[in-house]
Amino acid sequence: MSKIQAIRGMNDLLPDNSSLWQYLESTVAQCLQSYGYREIRFPLLEKTELFKRSIGEVTDIVEKEMYTFDDRNGESLTLRPEGTASCVRACEEHGLLYNQTQRLWYSGPMFRYERPQKGRLRQFHQIGVEAFGMQGPDIDAELLLMTARLWKALGISDAVTLEINSLGTAESRAIYKEALVTFLSGVKDQLDEDSQRRLSTNPLRILDSKNPNTQSLLIDAPKLEEYLDEDSHQHFESLRAILDCAGVAYHINTRLVRGLDYYGYTVFEWVTDKLGAQGTVCAGGRYNGLVEQLGGKPTPGVGFAMGVERLILLLQTLDKVPASVHQSPDIYILAVSGKASADNTKSVEAYALSIAEKLRERCPQLRCHSHCGGGSFKSQMKKADKSGAGIALVIGEDEAISEKLTIKYLRSDQPQQTLPTAAALDQLVNVK
Ligand code: ATP
Ligand code: MG
């Protein structure tokens, strides 16, 4: 019978890699917590309407990337393509936005039907951050300082650069949109196919086109910054002043727009040139209209999401995987019963397992690997060596009867020792 394989673009995370993921996730969580952000978790499935209303009907995500299906009651549901909409929905539903500010983060899988390639998957993972109830630009800046600190903690600061832009207010954007459409309509037949379509649906997205010909046509196009009103200008200038004061370098990219409809004022991306075409590792911006759009009271919001797979790729590409990520056991505990008699086997193994429990009891951070499944001394030693453990703790019948333990050092010249159990345990709990 043929084997069933995973869905294209949906990866398994194998044990060799999971400790790197845990390292990344815990480093991020620790950084976010140090700024007072708290975790929120929401379901993977939501009503389709939530994403249509928030992300926008004519965006790539809603038009062609969502995993949408009818459940058994005929209700249209969608696997979340991003977290902001669900986060707003959950906050509103539980009254978290009423007369208060919130600093929140979440982490987990997102789903988009895209063409799978390096750094682009159909099930991918994001760690997202949202801050509600603050107009900025101080909170916008805090998000950027926080990400800058995170890159430092991960050792990747030199490989990422910050791009920022202002999309201004909805009113200034609307006036600009008109000017852009008028200009681009004049050169419509020279635009790439996607951009021609976007001219009537989502013209700002054309600024973001990857097509070189379209990009060269845009050189003479009206510039969004020239259409920003006073308030938008001031917001952006103040953000820049805070970043300057904090020494966070940035590049103003006037063509930076986001693929989701709800952004205004600040937008930003952290990009790298080390990952080929999929170079954005973190992206976000301000979305003051979204909460209201989803039925809540007008509430300012700003946030970002980072792509976990891309950050993992970047850590690997830059060789920034810390040694601690390779989780070898500290101690490999052998249980060698000389005779094959069932009783003997039981007593040696029982004794070895009880020693392992004592070690964990006294030193919870110690990584003890108990050999299970029997085998000769030689074959168990081979496995101990292969495990990368620094110490093999040998427990045979002699040890079990006389309540002693034999410590063998696998990575140094220290001679092996056979000690009474209590003395051996004292020594072993000090290896950490
Ligand atoms: P892109 O321009 O790369 O398609 P996007 O604008 O669609 O990105 P966002 O919706 O802003 O991306 O998501 C934030 C981050 O999530 C991205 O910067 C990226 O790191 C990551 N991301 C988005 N889509 C994918 C995907 N299909 N596979 C892996 N990571 C992704
Ligand atoms: Mg995309």
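Keep in mind the model is a prediction, meaning the values are calculated, not measured. Atoms within a ligand are numbered from 1 in the order they appear, just like the ligands themselves. When a residue number appears, it is its place in the shown sequence, counting from 1.
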Exercise. Does the side chain of Ser166 pick up a donor-acceptor pair with the side chain of Ser232 at under 3.5 Å?
Worked result: no
Exercise. Which residue and non-hydrogen atom of the protein lie closest to atom 28 (N) of ligand 1, and at what distance in Å?
Worked result: Leu121 N, 2.9 Å
Problem set entry | Residue and atom name of the nearest protein heavy atom (relative to atom 10 (O) of ligand 1), distance in Å to one decimal | Arg112 NH2, 2.7 Å
Seminar exercise, completed: Among Glu82, Glu309, Arg310, Gln126, closest by heavy atom to atom 13 (O) of ligand 1 is Gln126
Exercise. Among protein heavy atoms, which lies nearest atom 20 (O) of ligand 1, and at what distance?
Worked result: Thr280 O, 2.8 Å
Exercise. Can you pull the ring pair (Phe, Tyr, Trp, His ring centres under 6.0 Å) pairs that have at least one residue in residues 20-39, sequence neighbours excluded?
Worked result: Trp21-His125
Problem set entry | Nitrogen or oxygen of Phe124 less than 3.5 angstrom from that of ligand 1 | no
Problem set entry | For Ile127, the option from Leu150, Leu32, Leu311 that meets side chain to side chain contact (heavy atoms under 4.5 Å, CB included) | Leu32
Problem set entry | Result of checking Leu167, Thr254, Leu256 against Leu224 for side chain to side chain contact (heavy atoms under 4.5 Å, CB included) | Leu167
Problem set entry | Residue pairs involving residues 136-172 (criterion ring pair (Phe, Tyr, Trp, His ring centres under 6.0 Å); sequence neighbours excluded) | Trp151-Trp270
For this session: Below 4.0 angstrom from a heavy atom of Val281, which ligand 1 atoms are there? Numbered from 1 as shown, please.
Result: 20 (O)
For this session: Report, in ascending order of atom number, the atoms of ligand 1 lying under 4.0 Å from any heavy atom of Ala283.
Result: 11 (O), 18 (O)
For this session: Using a 4.5 Å cut-off on heavy atoms from C-beta on, say whether the side chain of Leu121 contacts that of Asn11.
Result: yes
Exercise. In the protein, which heavy atom is nearest to atom 21 (C) of ligand 1, and how far is it?
Worked result: Gly307 CA, 3.7 Å
Exercise. Does any non-hydrogen side-chain atom of Arg205 lie less than 4.5 Å from one of Asp60?
Worked result: yes
Exercise. Counting from 1, what ligand 1 atoms have a heavy atom of Ala305 closer than 4.0 Å?
Worked result: 14 (C), 15 (C)
Exercise. For atom 2 (O) of ligand 1, which candidate among Arg120, Gln278, Arg258 provides the closest heavy atom?
Worked result: Arg120
For this session: Ignoring hydrogens, just give me the one of Glu114, Met110, Glu65 whose non-hydrogen atom is nearest atom 27 (N) of ligand 1.
Result: Glu114
Exercise. Roughly how far, to the nearest 0.5 Å, is the CD atom of Gln215 from the CZ atom of Arg255?
Worked result: 4.5 Å
Exercise. Is there a protein heavy atom at a distance of less than 4.0 Å from atom 4 (O) of ligand 1?
Worked result: yes
